[in-house]
Amino acid sequence: MFDFLIQGGIYGMSIITLLGIAALAMAVYNFSRQAARKETSPKLLNSVLYLGSMSFFAGLVWNAMGLYQILDVIQQMGEVSQTALAGGLKAASVSTIWGLFLFFISYVCWFILRLRITE
């Protein structure tokens, strides 16, 4: 798992992961407020979804930066083997996959929290 995060680039993947952790922390906070029978404000509830979507969009930005680097290398070298190109595209897509995974988890948490409010 750690190799997966390193492959996507340590700086971008750290930002994506921190946004995902913040979304999960807000979900836990909202779950604890609901367990204590305290009212949950819509802003607190939606922060789970917003932080999760920010992790996905940060993954897209990091992916775009990776693609830009790939294209820059291709432009400088002139010709690149298909294997090298596939490896670069694979490494660039890691951040999007990770951001989407974190967004999915935060969305599920947000959806469960919304269902618990309407009951």
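Scope of the values below: all heavy atoms of this structure, side chains included, with no hydrogens, waters or symmetry mates.
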Are Leu51 and Val28 connected into the same hydrophobic cluster when the rule is that any two of I, L, V, M, F, W, Y join if their side-chain heavy atoms are below 4.5 Å apart? no
How would you list, by chain and number, every residue that makes a ring pair (Phe, Tyr, Trp, His ring centres under 6.0 Å) with Tyr29, sequence neighbours excluded? none
Interatomic distance, Ser106 atom OG to Leu113 atom CG [nearest 0.5 angstrom]: 11.0 Å
Parallel, tilted or perpendicular: which describes the rings of Phe111 and Tyr107, with under 30° parallel and over 60° perpendicular? parallel
Heavy atoms of Val48 and Cys109 approach each other most closely as CG1-CB, 4.4 Å
Approximate separation, where rounding is to 0.5 Å, of Asn46 CG and Trp110 CH2: 6.5 Å
Less than 4.5 Å apart, side chain to side chain, heavy atoms only: is that true for Phe101 and Ile105? yes
Without placing hydrogens or testing angles, list every side-chain donor-acceptor pair under 3.5 Å for residues 74-85, not counting sequence neighbours.
from	atom 1	to	atom 2	distance (Å)
Gln76	NE2	Asp72	OD2	3.4
Ser81	OG	Ala84	N	3.1

Who passes side-chain hydrogen bond (donor to acceptor under 3.5 Å, both in side chains) against Gln34, sequence neighbours left out? Arg116
Sequence neighbours left out, cut at 3.5 Å: what donor-acceptor pairs do the side chains of residues 35-44 make with other protein atoms?
from	atom 1	to	atom 2	distance (Å)
Ser41	OG	Leu44	N	3.2

Under 3.5 Å, sequence neighbours excluded: what are the donor-acceptor pairs made by side chains of residues 9-23?
from	atom 1	to	atom 2	distance (Å)
Ser14	OG	Ile10	O	2.5
Thr17	OG1	Met13	O	2.7
Thr17	OG1	Trp98	NE1	2.9

Which donor-acceptor pairs under 3.5 Å do the side chains of residues 52-71 make with protein atoms, sequence neighbours left out?
from	atom 1	to	atom 2	distance (Å)
Ser53	OG	Leu49	O	3.2
Ser53	OG	Tyr50	O	2.9
Ser55	OG	Gly52	O	2.6
Trp62	NE1	Gly8	O	2.6
Asn63	ND2	Thr96	OG1	2.7

